[in-house]
> 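This is the structure I want to talk about, given as structure tokens.
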Amino acid sequence: MPPLSPQPPVPSTATPPPRRRTRRAAAWLAALALALLLIGLAAQWAATREANFQADSIRRAMEVHVLGLRDSAGKYSYLPYTAGVHPAVLAALAHPEDAAVKQRANLYIEEVNRQAGSDALYLSDLQGLTLAASNWHTPQSFVGESYANRPYFIDARAGRGGMFYGVGQTTGEPGLFISAPVRADGGAVLGVVTVKVSLRQLQEAWTFVRDPILLSDARGVVFLSSVPSWLYQTRRALAPGELERVRHDQQYGARTSFPALPWKVQRSDEQPGYLVATDIGGKPRRFLAVDEPLPDLGWTLTVMADHAEVTRARERTWMLGLLGAGVLLLGGLYWRLRERRFAEQRDARRDLELRVRERTHALDEAHAFRKAMEDSLLVGMRARDRQGRITYVNPAFCDMTGYGAGELLGKLPPYPYWHPDDVSQHWHHYDAMMSGQPARSGFESRLRHRDGHEVITMVYTAPLIDADGLHSGWMSSVVDITEQKRAELRQRQNDEQLQHAQRLASLGEMASTLAHELNQPLMALSNFASAAKAFAEQGNQQLLVDSLDETMAQAQRSAEIVRRIRGFVRQRTVGTEDCAVSALVTNALALLKGEMRQRQARAEVRVQPGLPPVRGDRVLLEQVLLNLLSNSLQAMQATPPEQRVVEVEAERLGARVHIRVADRGAGIDDALAEQVFAPFFTTKPGGLGLGLNICRTIVEAHRGRLSFADRPGGGTVFTLELEIPSP
């Protein structure tokens, strides 16, 4: 036998010297202190992250509530102004002692209120006395009541719109009061129309929310709250003057005291919003609160979230940190024990590894090339065996889910990145794959990133074949389409908002359009009826018959305008008859004979011979010309009578007919040029500002164009362009 080689010396097991033990203990204490510091920082980070997440959730919820508040306050803002221009309302203000006139106003206001769906609509004179109301026949009728002390009445009497939330003096029910002045033709304020809107539905909806929501006025008084005990309590102490003002306005009924909210507020620059400590139902609660001022309404919306989640996040982090530190400590001890054993095997393994390295160098290079290629892919790659266990993921897939490869390899379903709301759908696609029938064209799948945000993907799965040609599993390509889906959602939301705005605009313009367009035929009816009465008294039968015929024609014209405008607002196809341009001009001028004679004006008409007809709705096109001619006559009110000439020219230019209406008035100021066609813009006393806006809408519906320019020598020229139909 060969001689035995000398054995290596056995390591000494003697106790280390005291100095080494001290250094080792100091190192362990330093490591423990560092671990506790890191755990504390991590806990603070988790709490801050949870607070930021709560603040973001509050802001998203607040956007929804703000939209609801503005919708409740704004959808009835038009009603007082629209009702204030009705003849029945004006007659009631002019003859407040006439019972029949006031009854007609009562019936009209009651019908408008019923159609609009508001709580109440009522008319007051300049002393605040209610003359007519939608609830005139009820025990709690507003008729005869005085609301002169109400701020909304004072604002409207001063000539501006008013808005006020308070408890009704008559009914005792709270609501939002929106008022508007009723003006005479000269602009003087005759009275006030007020609509009352209840926010009861909003209050009832808030009772189902989990965390408190409240709405306070400019003085800090809470008038809407999901916590009933907080109603009519204040966020700050009211000054004597403010308290006296609330009592004078009777904003909250007979209530004379407004206690402070039972809150303890804690503010910090390091966190969004502020903390509120209070009792709800006898239980102490802490909330994160965020305020949203609504300056256009004079209110402040406050949305809260339970702050206990922030505390729990900090506690969970401490528990996990301590658990992790304990695991690391045990791991360190175990590692020290293993190091002693591994030291004995290291040399033998080094030789073996050297031989293996030499034989597998080429394989490593091939594997490195394949891995570099897979790592450079932007598409996520995931391989699973036939039992569904994950066997491979590339970096793109790890970035997509937020989990490292070490956390995913070997996992069986349910996988940690499955979205909790789509678990059944994930199982469905998994079962289809395991049964050998994956979706060949791919399928859309929603994943949950490790940090909590959603990732929308398209997944394509194919069988995985090994080197022996056997089916060993499944390979999936996962494409992140989150940004694409968000872009589609934003586009879809923008389209829906645009359609909603267009529908609101159409509904809002219908009533004003009818009132404006029927004004001229109704004036003609009145003139012809007056003429018929005079001819009847004179015994002139022929002129009497002619006047009655014209009266009937104007009545039919009014009905035709109503039918045409209603069809236009409903976006139906306009009429398609051939209209001679000369006939359109002649009919429009015929309706203005009386007004031209009264204004001492005349018309000069120049229509190009052989002008082809245009195709469109005859009544609407005549209405456009009638409006342009009427505006020209009104523009020359200050022009000397011998120069009051309206020039009407029509000629063909290319594939269009150009009809020009020119006046010799003062013209249009350059500063107002951009607002001429804007709705509700007018320079006429008592005008609605809808004529030119409606005219342009009608012309554009006929695929035409309406424009204006300065007339050489003074005045304005409006040009109406209409297409000539193809033969």
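In what follows, every heavy atom counts, from backbone to side chain, and hydrogens, waters and symmetry copies are set aside. Computed from a predicted structure; not experimentally measured.
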> For the atom pair CG (Asn135) and CD (Gln140), what is the distance rounded to the nearest 0.5 Å?
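So the gap between those two atoms works out to 8.0 Å.
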> Of all the heavy-atom pairs spanning Phe164 and Asp249, show the shortest one and how long it is.
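Heavy atoms of Phe164 and Asp249 come nearest at CZ-CB, 4.4 Å.
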> Between the side chain of Asp663 and the main-chain N/O of Val646, is any donor-acceptor distance below 3.5 Å?
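No, Asp663 side chain to Val646 backbone: no donor-acceptor pair under 3.5 Å.
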> Do Val614 and Glu723 make a side-chain contact, defined as non-hydrogen atoms from C-beta onward lying under 4.5 Å apart?
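Side-chain contact under 4.5 Å: no.
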> Do Leu621 and Arg618 come close enough that some side-chain heavy atom pair is under 4.5 Å?
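A side-chain contact under 4.5 Å is absent here.
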> Check whether any side-chain N or O of Asn113 sits under 3.5 Å from a backbone N or O of Ile109 as a donor-acceptor pair, and report yes or no.
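Checked: no pair found.
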> Rounded to the nearest 0.5 Å, how far apart are CG of Leu720 and CZ of Arg656?
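Going from the CG atom of Leu720 to the CZ atom of Arg656 covers 10.0 Å.
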> Determine whether Leu633 and Leu629 make a side-chain contact, defined as any pair of heavy atoms from C-beta on separated by less than 4.5 Å.
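Of all side-chain heavy-atom pairs linking Leu629 with Leu633, none is under 4.5 Å.
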> Would you check if Thr194 and Phe153 make a side-chain contact, meaning some heavy-atom pair closer than 4.5 Å?
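Thr194 vs Phe153: side chains apart.
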> Ignoring hydrogens and geometry, is there a side-chain-to-backbone donor-acceptor pair from Thr171 to Gly168 under 3.5 Å?
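Not a single qualifying donor-acceptor pair exists.
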> Could you go through the side chain to side chain contact (heavy atoms under 4.5 Å, CB included) check for Leu107 and Trp136 one step at a time?
CA-CA 9 Å; Leu107 295 176; Trp136 61 274; 3.8 Å; yes
> For the pair His658 (side chain) and Thr719 (backbone), establish whether a donor and an acceptor sit closer than 3.5 Å, ignoring hydrogens and angles.
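Here the side-chain-to-backbone pair does not exist.
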> For Thr130 and Glu145, indicate whether the former's side chain and the latter's backbone hold a donor-acceptor pair under 3.5 Å.
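Judged by distance alone, yes, a pair lies under 3.5 Å.
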> Between Met596 and Leu592, does the side chain to side chain contact (heavy atoms under 4.5 Å, CB included) criterion hold? Intermediate values first, please.
CA-CA 6 Å; Met596 294 178 66; Leu592 291 174; 4.2 Å; yes
> Is the count of non-hydrogen atoms from other residues, nucleotides or ligands lying under 6.0 Å from Gln103 atom CD greater than 12?
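Enclosed.
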> Do Ile178 and Leu79 come close enough that some side-chain heavy atom pair is under 4.5 Å?
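In short, these two side chains do not touch, never coming nearer than 4.5 Å.
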> Taking His702 for the side chain and Ile698 for the main chain, is one N or O donor matched with an acceptor at less than 3.5 Å?
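Yes: the side chain of His702 pairs with the backbone of Ile698.
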> Once you round to the nearest 0.5 Å, how far does CG of Leu611 lie from CZ of Arg652?
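Spacing of CG (Leu611) from CZ (Arg652) equals 8.0 Å.
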> Should Glu651 and Arg606 count as an ion pair when the cut-off is N to O under 4.0 Å?
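No, Glu651 and Arg606 are not salt-bridged.
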> At their closest point, which heavy atom of Ser198 faces which heavy atom of Asp119, and how far apart are they?
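Residues Ser198 and Asp119, closest heavy atoms: CB-OD2, 2.8 Å.
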> So, Glu110 and Asn106: side-chain donor and acceptor under 3.5 Å apart, yes or no?
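Checked: Glu110/Asn106 side chains show no N/O donor-acceptor pair below 3.5 Å.
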> What's the shortest heavy-atom distance between Ala116 and Tyr76, and which atoms?
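Minimum heavy-atom separation between Ala116 and Tyr76: O-CE2, 3.3 Å.
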> To the nearest 0.5 angstrom, please state how far the CZ atom of Arg150 sits from the NE2 atom of His248.
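That separation rounds to 11.0 Å.
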> CZ/Arg160 to CG/Asp155 distance, rounded to the nearest 0.5 angstrom?
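So the CZ of Arg160 and the CG of Asp155 are separated by 4.5 Å.
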> Rounded to the nearest 0.5 Å, how far does CD of Gln251 lie from CG of Asp217?
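Answer rounded to 0.5 Å: 5.5 Å.
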> Hey, mind stepping through Arg599 and Met636 against side chain to side chain contact (heavy atoms under 4.5 Å, CB included) and telling me if it holds?
CA-CA 9 Å; Arg599 295 180 180 274; Met636 295 189 296; over 6 Å; no
> Is there side-chain contact between Ser630 and Glu595, with at least one heavy-atom pair below 4.5 Å?
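Counting from C-beta outward, Ser630 and Glu595 do come under 4.5 Å.
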> Provide the closest heavy-atom pair for Asp125 versus Leu93 in the form atom of the first, atom of the second, distance.
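Scanning both residues, the minimum pair turns out to be CA-CD2, 4.1 Å.
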> Quick check: closest heavy atoms across Phe142 and Ala133, and the distance to 0.1 Å?
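The answer is CB-CB, 3.9 Å.
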> Determine, step by step, whether Asn627 and Gln623 satisfy the side-chain hydrogen bond (donor to acceptor under 3.5 Å, both in side chains) criterion, reporting the C-alpha distance in whole Å, the side-chain angles of both residues, the deciding distance to 0.1 Å, and the verdict.
CA-CA 6 Å; Asn627 194 291; Gln623 199 68 23; over 6 Å; no
> Would you find a donor on one side and an acceptor on the other, under 3.5 Å apart, between the side chain of Arg157 and the backbone of Val192?
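Not a single qualifying donor-acceptor pair exists.
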> Just checking Tyr122 against Tyr147, ring centres under 6.0 Å apart?
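Centroid distance Tyr122-Tyr147: below 6.0 Å, so yes.
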> Let me see the working for Leu224 and Trp299 under side chain to side chain contact (heavy atoms under 4.5 Å, CB included), right down to the final yes or no.
CA-CA 11 Å; Leu224 279 182; Trp299 302 339; over 6 Å; no
> With heavy-atom distances below 4.5 Å as the criterion, would you say the side chains of Leu706 and Leu628 are in contact?
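Touching, per the 4.5 Å side-chain cut-off.
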> Minimum heavy-atom separation for Gln127 and Ser146, please, with both atom names.
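That would be O-OG, 4.0 Å.
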> Between Arg664 and Arg711, is any pair of side-chain heavy atoms under 4.5 Å apart?
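Arg664 reaches Arg711 side chain to side chain.
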